[in-house]
Amino acid sequence: MKVRFDEIDAKLRYKLMTASIIPRPVALVTSLDKDGNANAAPYSFFNGMSEDPPLIVLGLKRRDSGPKKDTARNIEETSEFVVNIVNWEMHQGMLVTAADFPEGVDEIPLAGFTTATCDLVKPPRIAEAPVAFECRKFVTVQAGIDREIAIGEVVAMHVKDEIWDAERQYIDWQGNLPIARLWGTLYAQLGSPVDGPVPDLNDFK
Ligand SMILES: Cc1cc2nc3c(=O)[nH]c(=O)nc-3n(C[C@H](O)[C@H](O)[C@H](O)COP(=O)(O)O)c2cc1C
């Protein structure tokens, strides 16, 4: 079976891509509007793409009714955001932040989360998140009429003390790994990590 993407509509492309590009991590993005109102929402068109400069990428779709989502507008207006990594204790709260609340509503307390301050950017981070990345807008790419790709540069990172091994400079997830998004409303629990070293070329002689 082959599918030519110029022969199918965007909705079907989305369905096929999100069912195949799995699992995806979830960025719970916190940001501020230009009046200082906080906002939180999850984004799973998300990944890290570079470490020098350290870049994080988000795929931000417009609302079906046309305007930018609050996260996209806030990044455009204030150039700062925080990517909070989501674990299973945060799953239900994360879903609450995805609800279509009107502009200006702070989803963070509604989701049962509390905030902590950042060091280098103004938006708050989610105190419950095991890891949070403070980001500044690097560049935003307009992709089609209803998508923006926001690339953020990480300027600081927070890791919860209980999973931070300072001696080894290592994050020890202690089995409580972040959630993974599949397709639709499905999520997956990451199982036990499996070691997979790349073979040495000498092994092929
Ligand atoms: C797990 C999850 C992942 C999501 N990923 C995206 C995404 O990558 N891009 C997007 O535009 N919307 C995504 N959404 C939908 C937004 O979170 C939703 O539209 C939200 O209301 C936007 O909030 P905001 O206007 O406060 O930014 C996702 C929703 C969920 C539950």
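Quick note: numbers below take in every heavy atom, side chains included, and nothing from hydrogens, waters or symmetry partners. Order of appearance sets the numbers: ligands from 1, and atoms from 1 within every ligand.
Counting the atoms of ligand 1 from 1 in the order shown, those under 4.0 Å from a heavy atom of Lys61 are 10 (C), 11 (O). Close approach of ligand 1 to Asn39 is summarised as follows: ligand atoms under 4.0 Å from at least one heavy atom of the residue are 24 (P), 26 (O), 27 (O). Listed by number with element, the atoms of ligand 1 under 4.0 Å from a non-hydrogen atom of Gly59 are 7 (C), 8 (O), 9 (N), 10 (C), 11 (O). Within ligand 1, the atoms closer than 4.0 Å to a non-hydrogen atom of Ala99 are 21 (O), numbered from 1 in the order shown. Atoms of ligand 1 found under 4.0 Å from any heavy atom of Thr71, numbered from 1 in the order shown, are 24 (P), 27 (O). Atoms of ligand 1 lying under 4.0 Å from any heavy atom of Ala41, numbered from 1 in the order shown and given with element: 22 (C), 23 (O), 24 (P), 26 (O), 27 (O). Residue contact check: Glu107 has heavy atoms under 4.0 Å from atoms 26 (O) of ligand 1.
Proximity annotation for atom 17 (O) of ligand 1: of Pro42, Pro102, Ala72, Pro42 comes nearest, heavy atoms only.
Residue contact check for ligand 1: Phe46 places no non-hydrogen atom closer than 4.0 Å to it. Using a non-hydrogen distance threshold of 4.0 Å, Lys68 does not register as a contact of ligand 1.
We find the OG1-CG distance between Thr30 and Asn39 to be 9.0 Å, quoted to the nearest 0.5 Å.
By the 4.0 Å N-to-carboxylate-O rule, Lys11 lies too far from Asp9 to be salt-bridged with it. Using a cutoff of 4.0 Å between basic side-chain nitrogens and carboxylate oxygens, Glu148 and Arg62 are scored as salt-bridged.
Counting protein heavy atoms only, atom 22 (C) of ligand 1 is closest to Tyr43 OH, 3.5 Å.
For a threshold of 3.5 Å applied to N or O pairs, the pair formed by Met94 and ligand 1 contains no separation below that value.
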